[in-house]
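Numbers restart at 1 for each chain; the letters A, B, ... are given by sequence-line order, proteins then strands. Here the structure is a predicted model, which means the values were calculated and not measured.
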Amino acid sequence: MRKLTREFYNRTSLDVAKDLLGKYLVHIVDGVEVIGRIVETEAYMGPFDKAAHSYNNRRTKRNEVMFGPPGFAYVFAIYGMYSCMNIVAEEAGKPQAVLIRSLEPVAGLEKMAELRYEKSLSDCNKKELTGLTNGPGKLCQSMHITRINNGTDMCGGSFYVAEGLEEQEFQVVSTTRVNIDYADEAIHYPWRFFIKGNKYISQK
DNA sequence: GTCATGATACAG
DNA sequence: TGTATCATGACC
């Protein structure tokens with residue numbers, strides 16, 4: 001598989017969010033290749049997007065990486081217990097990012113089950129199998145993405161997004177984003193994208 | 001459906 | 001010091 005280049009991410013987060021669908025998130029964990037196909041994303045457009053951490057160019061220790069160059073991981077802790085995985089879009093100085101909301105497991109499922117449930121894949125029921133990666137906090141657990149990965153360059157090394165050899169056909173649905181009730185008019189922006197009919201789409 | 005969990009940011 | 005948040009699981 002071909003790694004996506006810096007140029008891929010050097011566009012608006014809306015474009016990057018749409019084009020990340022169908023691509024493969026790869027993380028080498030303990031020498032094991034853990035891979036998920038990206039099936040749901042959300043774009044956060046920065047200074048003029050009330051739902052974004054970087055709204056009004058708010059710059060903190062947490063979101064610092066959003067202000068840097070594209071193609072880097074922005075991983076933050078939410079509600080004390082979970083992590084959320086984003087990839088920075090646009091050139092340095094434009095703090096945009098794409099939230100990865102759900103994946104379809106492709107490889108390393110045994111490792112995923114171990115990381116998320118501390119048990120073997122064969123001991124997982126149907127709901128647990130879907131639950132491996134059908135939400136932003138869940139996929140971070142299954143792919144061992146933590147705040148340690150914050151600021152990682154996604155264009156090289158052992159944590160990256162790659163293109164499949166053959167693109168499968170799919171339809172993209174765009175709708176409003178999840179759990180941003182605080183964001184006034186931004187609530188209504190159709191900046192959530194997912195692959196129509198995929199069973200790993202997060203609920204809500 | 002409700003509620004506890006608790007890192008991070010920010011207002012006071 | 002209190003309140004809110006790009007979520008989830010355990011409960012009812």
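The number of heavy-atom neighbours closer than 6.0 Å to NE2 of H144(A), taken from other residues, nucleotides and ligands shown, is 12 or below.
As a whole-Å value, the separation of Y44(A) OH from dT5(C) P is 13 Å. Rounded to an integer number of Å, the gap from R59(A) CZ to dA9(B) P is 14 Å. When rounded to the nearest whole Å, the span between CD1 of I180(A) and P of dA4(C) equals 18 Å. One can place CD1 of I78(A) at 19 Å from P of dT3(C), the figure rounded to the nearest angstrom. Nucleotide dA7(C) holds its P atom 15 Å from the CD1 atom of I145(A), rounded to whole Å. In this structure, K50(A) atom NZ and dT5(C) atom C1' are separated by 16 Å, rounded to whole Å. Look at NE2 on H53(A): it is 11 Å from P on dT5(C), rounded to the nearest Å. We find that CE of M81(A) is positioned 6 Å from P of dG6(B), with the value rounded to whole Å.
Taking the charged nitrogens against the carboxylate oxygens, E33(A) and K111(A) have no contact shorter than 4.0 Å, which rules out a salt bridge.
Taking 4.0 angstrom as the limit, R62(A) places none of its side-chain polar atoms (N or O) nearer than this to OP1 or OP2 of dC10(B). Taking side-chain N and O atoms only, R116(A) has no distance below 4.0 Å to OP1 or OP2 of dT8(C).
For K138(A), counting side-chain heavy atoms from C-beta on, the closest listed nucleotide (dG9(C), dA7(C), dC10(B)) is dG9(C). Nearest nucleotide to the side chain of Y79(A), out of dA9(B), dA7(C), dA7(B): dA7(C).
Contact annotation for R177(A): no contact, since no heavy-atom pair falls under 4.0 Å across all strands.
Base pairing of dT5(B) is made with dA7(C), judged by Watson-Crick or G-U wobble geometry with both donor-acceptor distances under 3.5 Å.
Geometric assessment of R101(A) against the ring of F193(A) yields a negative cation-pi assignment under the 6.0 Å and 45° thresholds.
Formation of a donor-acceptor pair under 3.5 Å by the D49(A) side chain with backbone atoms of A51(A) is found in this model. The main-chain N or O of V98(A) is never found under 3.5 Å from a side-chain atom of T41(A) such that the two would form a donor-acceptor pair.
dA7(C) has no base stacking with the ring of Y82(A) when judged by centroids under 5.5 angstrom apart and an interplanar angle below 30°.
Place A52(A) and G131(A) on DNA chain C by their nearest nucleotides, and A52(A) ends up nearer the 5' end.
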